[in-house]
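This is a predicted model, so every value here is computed, not measured. Start at 1 with the first residue, then count along the sequence.
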Amino acid sequence: MGSTPADILESAAGYDDFRDKIISLAGDFPFETEHMLLLGRVIFLRFPDTSDDRNMEHIRMGYRIVRVCILEKILESIDGDHREMVRRMLDDMAIMDIALNDLLKNIGPDGIEKYRRIVSGNLDLVRAAIDGLPRGMIKERFVGGISKFYNLMYILSNAMDHLKTSGNNR
């Protein structure tokens, strides 16, 4: 493992540059509690926000930065051929049905279930690291960032149940 997300954010030209660099690492970056703290500090240096002086654009940017890191970590161990499809599905729930049908054709229901277990397990590992963060604004960004993925996993489980009951599987 090389650079931390904090190092990457410090040197990134902007969000898109940061996102591209994080995605290129395919989840191979340190993301334990201490790395989250460092990232949080850099987020607040680049995008200041205080409880007395709220900046909604900076708040949204903090969440976006956290979510891209979480997404890449929860995709660890997803096959490279399917990683982009699963990334898009977890980044935009509007395409979940389309992506699930494409995955169903490629890897079948057992493959989808395998990926769901991988993502769910990785999500729980990231959550455990977030739970170790001290109370405060940094933790708030991470808790807010990860909540999207728990919601998506719920929707994904329901969509998979629908696929099973509709007989739309291999």
A.B. asks: Quick check on side-chain contact (heavy atoms from CB on, under 4.5 Å): which of Leu100, Leu103, Leu156, Ile74 does Val86 satisfy it with?
C.D. replies: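 So, applying the side-chain contact (heavy atoms from CB on, under 4.5 Å) to Val86 and each of Leu100, Leu103, Leu156, Ile74, only Leu103 qualifies.
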A.B. asks: Taking atom OG of Ser3 and atom CD1 of Ile22, what is their separation to the nearest 0.5 Å?
C.D. replies: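 Output value for this atom pair is 9.0 Å.
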A.B. asks: Could you grab the distance from atom NZ of Lys21 to atom CG of Leu9, nearest 0.5 Å is fine?
C.D. replies: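 Here the interatomic distance stands at 10.0 Å.
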A.B. asks: Give the other cluster members for Leu125, using side-chain heavy-atom distances under 4.5 Å between Ile, Leu, Val, Met, Phe, Trp and Tyr residues; answer none if it is isolated.
C.D. replies: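 So far as hydrophobic clustering goes, Leu125 is joined with none.
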A.B. asks: If the plane angle is over 60° it's perpendicular, under 30° parallel, otherwise tilted; pick one for Phe31 and Phe142.
C.D. replies: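 Ring orientation of Phe31 relative to Phe142: tilted.
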A.B. asks: Given side-chain contact (heavy atoms from CB on, under 4.5 Å), test Arg116 with Val119 step by step and report yes or no.
C.D. replies: CA-CA 5 Å; Arg116 189 199 63 76; Val119 169; over 6 Å; no
A.B. asks: According to ring pair (Phe, Tyr, Trp, His ring centres under 6.0 Å), does anything in residues 63-86 pair up with another residue at least two apart or in another chain? List the pairs.
C.D. replies: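 Only His82-Tyr115 qualify under ring pair (Phe, Tyr, Trp, His ring centres under 6.0 Å).
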A.B. asks: Evaluate Ile43 against Val66 for side-chain contact (heavy atoms from CB on, under 4.5 Å), listing each step before the verdict.
C.D. replies: CA-CA 9 Å; Ile43 289 170; Val66 165; 3.9 Å; yes
A.B. asks: Apply side chain to side chain contact (heavy atoms under 4.5 Å, CB included) to Asp92 and list each qualifying residue two or more places apart in sequence or on a separate chain.
C.D. replies: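 If we apply the side chain to side chain contact (heavy atoms under 4.5 Å, CB included) test to Asp92, skipping adjacent residues, the hits are Ala94, Ile95.
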A.B. asks: Look only at the side chain of Ser157 and the backbone of Met153, and say whether a donor-acceptor pair between them is shorter than 3.5 Å.
C.D. replies: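 Checking the backbone N and O of Met153 against the side chain of Ser157, a donor-acceptor pair under 3.5 Å is found.
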A.B. asks: State which residues pass side chain to side chain donor-acceptor pair (under 3.5 Å) with Arg87; sequence neighbours excluded, sorted by chain then number.
C.D. replies: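 Testing Arg87 for side chain to side chain donor-acceptor pair (under 3.5 Å), a comparison that skips the adjacent residues, returns Glu72, Glu84.
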A.B. asks: Which residues pass the side chain to side chain donor-acceptor pair (under 3.5 Å) test with Arg117, sequence neighbours left out?
C.D. replies: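 None.
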A.B. asks: Does the pair Leu75 and Leu90 meet the rule for a side-chain contact (heavy atoms from CB on, under 4.5 Å), with working shown?
C.D. replies: CA-CA 10 Å; Leu75 292 175; Leu90 293 177; 4.1 Å; yes
A.B. asks: Looking at Arg141 and Asp49, does any basic side-chain N land under 4.0 Å from a carboxylate oxygen?
C.D. replies: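 Answer for the salt bridge query: yes.
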A.B. asks: Quick one: do Arg83 and Asp79 make a salt bridge, cutoff under 4.0 Å?
C.D. replies: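 Salt bridge absent between Arg83 and Asp79.
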A.B. asks: Do the side chain of Asp7 and the main chain of Thr4 share a donor and acceptor less than 3.5 angstrom apart?
C.D. replies: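 A pair under 3.5 Å: yes.
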A.B. asks: Under the side chain to side chain donor-acceptor pair (under 3.5 Å) rule, collect the residues that match up with Lys139, sequence neighbours excluded.
C.D. replies: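 By the side chain to side chain donor-acceptor pair (under 3.5 Å) rule, Lys139 matches no residue at all.
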A.B. asks: Please determine if Lys73 and Asp28 form a salt bridge, counting it only when a charged side-chain N lies under 4.0 Å from a carboxylate O.
C.D. replies: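 No, this pair does not count.
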A.B. asks: Starting from the C-alpha separation in whole Å, work towards a yes-or-no answer on side-chain contact (heavy atoms from CB on, under 4.5 Å) for Leu133 and Met36.
C.D. replies: CA-CA 8 Å; Leu133 291 169; Met36 292 176 183; 4.0 Å; yes
